[in-house]
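For reference, the structure is listed below as structure tokens.
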Amino acid sequence: MPGQDTRIVLLGVGHTNAHVLDMWRREPIAGARLVCVSSFAEATYSGMLPGTLSGQYPPGTLEIDLRSLAQAARAELVVEPAAGVDVEAGTVQFEKHESLPFDILSVGAGSVPNRAGMDAAPGAWVPIKPMQTFLIRLYERLQELARQDREELRVLVIGGGVGGIEISFCLPAYLRRVLGEVGHAITIVDAGERIGGGLSPRALPRAEALLEARGVEVITGTRVTRVEARETVCADGRRIPADLVILAAGAAPPPVLENTALPKDPKGFLLTRETLQSTGSENVFAVGDSGTMADVAVPKAGVYAVRQGPALWHNIGALARGEPLSPYEPQHDFLRLLNTGDGKALMDYKGWAVHARWCWRFKDYLDSRFMARFRVVRR
Ligand SMILES: Cc1cc2nc3c(=O)[nH]c(=O)nc-3n(C[C@H](O)[C@H](O)[C@H](O)COP(=O)(O)OP(=O)(O)OC[C@H]3O[C@@H](n4cnc5c(N)ncnc54)[C@H](O)[C@@H]3O)c2cc1C
């Protein structure tokens, strides 16, 4: 393995790779350089997006300032989307920037909403990713809609996963802040038989009852095929009137993975061993949503992405020093806390479902503690 001046490159600085950058700030790996590649100068923490919509957090609270963090870590930051990875040549490629060589690469470019089988008229929907621009795109769409005459704003959320559910809970407060007291109706549409994939049998009915109590309609078992400016068409011929359409459907691979010739799962995410190394190259790690462990089923969730951070940090160091790597062992169950936008959260843990104010305070504590690690003062 490489010796002096080992070049370690992080492609995407999200929930997992941010841990490496933070650890590098505390104790860099001797004889190595760190280069971070990010489409934006900020990373976003999805756990705080619903709370930002509901006004519980000021805008910007969900952002990690990568320039400050990279500067504090004495790491290089390239703010440009990577276009692909040439594994043979050992380079990350860009459309405008010259290729960047690496000795060790960690691909943590997240995921994008699944658009398979769907298309949309220009400007007709607001995809949740890139999350860095979601709030601005949402605001602009609402401004556009505010100029049109309508009695009630009809909102459609495509995707009834945990993200889509939390958005439906927290969006009304945002609509009020931007548009004032306008009437609105929110619908969630999901191709599955039920929404809330991954929620426990106790928590799912609680989430459904809370949505019903807020007047959120849930349509399941139908696939959206086309989003028009004023209505959305489904595969079964149903037409759902909708002015604002938010695309929050399940995770698909980010475009950069298409131009990366490494083994992939059937969806197109990079297949990894238990050490988080690609099954096709020991010098490439794939983490968070971008990676799929070949032998263990791990949900594409931020909780797992965050927990991979320490394992990735250990293994990058071990690989650079020529030491043995350790397996990452995913936990079997995890705590889910859904922000219901009313000062409470719905907690789903080990078969328990509790909807209470203390659950929100607990979520806020955990999320704020996570973000505090990355808040550094720029010199
Ligand atoms: C609304 C919403 C709420 C959610 N809430 C939760 C929750 O409460 N709990 C939970 O466990 N999970 C939650 N998730 C899922 C969670 O967000 C993801 O699992 C998590 O973000 C994955 O982390 P990551 O590091 O893989 O990717 P990310 O955190 O998305 O980071 C990837 C980074 O790579 C950058 N990038 C992408 N492509 C390129 C490129 N070509 N070049 C350079 N940079 C690139 C992106 O801009 C981004 O900054 C939620 C998701 C959504 C949409």
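Side-chain atoms are counted along with the backbone in the values below, which use heavy atoms only and exclude waters and symmetry mates. Whatever order the structure lists them in is the order used to number ligands and atoms, beginning at 1.
For atom 18 (C) of ligand 1, the closest non-hydrogen atom of the protein is D289 OD2, 3.4 Å. Of the protein's heavy atoms, H15 ND1, 2.6 Å lies nearest to atom 29 (O) of ligand 1. Among all non-hydrogen protein atoms, the one lying nearest atom 35 (C) of ligand 1 is G12 CA, 4.0 Å. The closest protein non-hydrogen atom to atom 39 (C) of ligand 1 is S39 OG, 3.3 Å. Scanning the protein heavy atoms around atom 53 (C) of ligand 1, the nearest turns out to be M131 CE, 3.7 Å. Of the protein's non-hydrogen atoms, G163 CA, 3.8 Å is the one closest to atom 2 (C) of ligand 1. Of the protein's heavy atoms, G110 CA, 3.2 Å lies nearest to atom 27 (O) of ligand 1. Looking from atom 42 (N) of ligand 1 to the surrounding protein, the closest heavy atom is A82 N, 2.9 Å.
Within the set P255, A83, S46, the minimum heavy-atom distance to atom 51 (C) of ligand 1 is found for S46. If you check each of G291, A109, A301, P130 against atom 38 (N) of ligand 1, the one with the closest non-hydrogen atom is A109. Of the listed options P127, G108, A43, G108 places a heavy atom closest to atom 33 (C) of ligand 1. One option in G302, G250, C170 has a heavy atom closer to atom 12 (N) of ligand 1 than any other, and that option is G302.
Assignment of A248 to the shell around ligand 1 is not supported, since no heavy atom sits closer than 4.0 Å. Ligand 1 lies within reach of P81, whose nearest heavy atom is under 4.0 Å from it. At a 4.0 Å cut-off, at least one heavy atom of T16 sits close enough to ligand 1 to count as contact. The shortest heavy-atom distance from Q132 to ligand 1 is under 4.0 Å.
Contact atoms of ligand 1 toward V303: 10 (C), 11 (O) (distance under 4.0 Å to a heavy atom of the residue). Annotation for ligand 1: atoms under 4.0 Å from non-hydrogen atoms of G288 are 26 (O). Under a 4.0 Å criterion applied to the non-hydrogen atoms of V256, ligand 1 contributes the atoms 41 (N). Close contacts between ligand 1 and K300 involve ligand atoms 19 (O) [criterion: under 4.0 Å to a heavy atom]. Close contacts of ligand 1 with S38, meaning ligand atoms under 4.0 Å from a residue heavy atom, involve 43 (C), 44 (N). If you number the atoms of ligand 1 from 1 as listed, the ones under 4.0 Å from a heavy atom of V37 come out as 43 (C), 44 (N).
In this structure, a donor-acceptor pair under 3.5 Å is present between the side chains of T222 and D236. Side-chain contact check for R373 and H19: at least one donor-acceptor pair (N or O, by modelled atom type) lies under 3.5 Å.
Among the candidates N315, L319, I104, the single residue satisfying the side-chain contact (heavy atoms from CB on, under 4.5 Å) test with Q277 is L319. Evaluated for a side-chain contact (heavy atoms from CB on, under 4.5 Å) with P81, the options P255, S38, S39 yield exactly one hit, S39.
Of the charged side-chain nitrogens involved, at least one lies within less than 4.0 Å of a carboxylate oxygen, so that E144 and R141 count as a salt-bridged pair. Salt-bridge annotation for R7 and D103: absent, with no side-chain N of the basic residue lying under 4.0 Å from a carboxylate O of the acidic one. Taking the charged nitrogens against the carboxylate oxygens, R25 and D22 do have a contact shorter than 4.0 Å, which makes a salt bridge.
Residue M293 is grouped with residue V306 when hydrophobic side chains (ILVMFWY) are merged at heavy-atom distances under 4.5 angstrom, including chains of intermediate members.
Closest non-hydrogen pair, P50 versus N339, comes out as C-ND2, 4.0 Å.
Ring-plane geometry between F334 and Y304 is classed as perpendicular, the angle between the planes exceeding 60 degrees on a 0 to 90 degree scale with a lower cut at 30. Classification of the F374-F370 ring pair by plane angle, with boundaries at 30° and 60°, yields perpendicular.
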Practice prompt. Any chance you could lay out the side chain to side chain donor-acceptor pair (under 3.5 Å) test for Y349 and D333, step after step, and finish with the verdict?
Written response: CA-CA 8 Å; Y349 190 53; D333 194 9; over 6 Å; no

Show, in sequence, the C-alpha distance, side-chain angles and deciding distance for W125 and T232, and conclude whether the side-chain contact (heavy atoms from CB on, under 4.5 Å) test is met.
CA-CA 10 Å; W125 64 12; T232 291; over 6 Å; no

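Within a 4.0 Å radius of atom 7 (C) of ligand 1, the protein contributes no heavy atom.
L34 has its side chain out of reach of P28: every pair of non-hydrogen atoms, C-beta onward, lies at least 4.5 Å apart.
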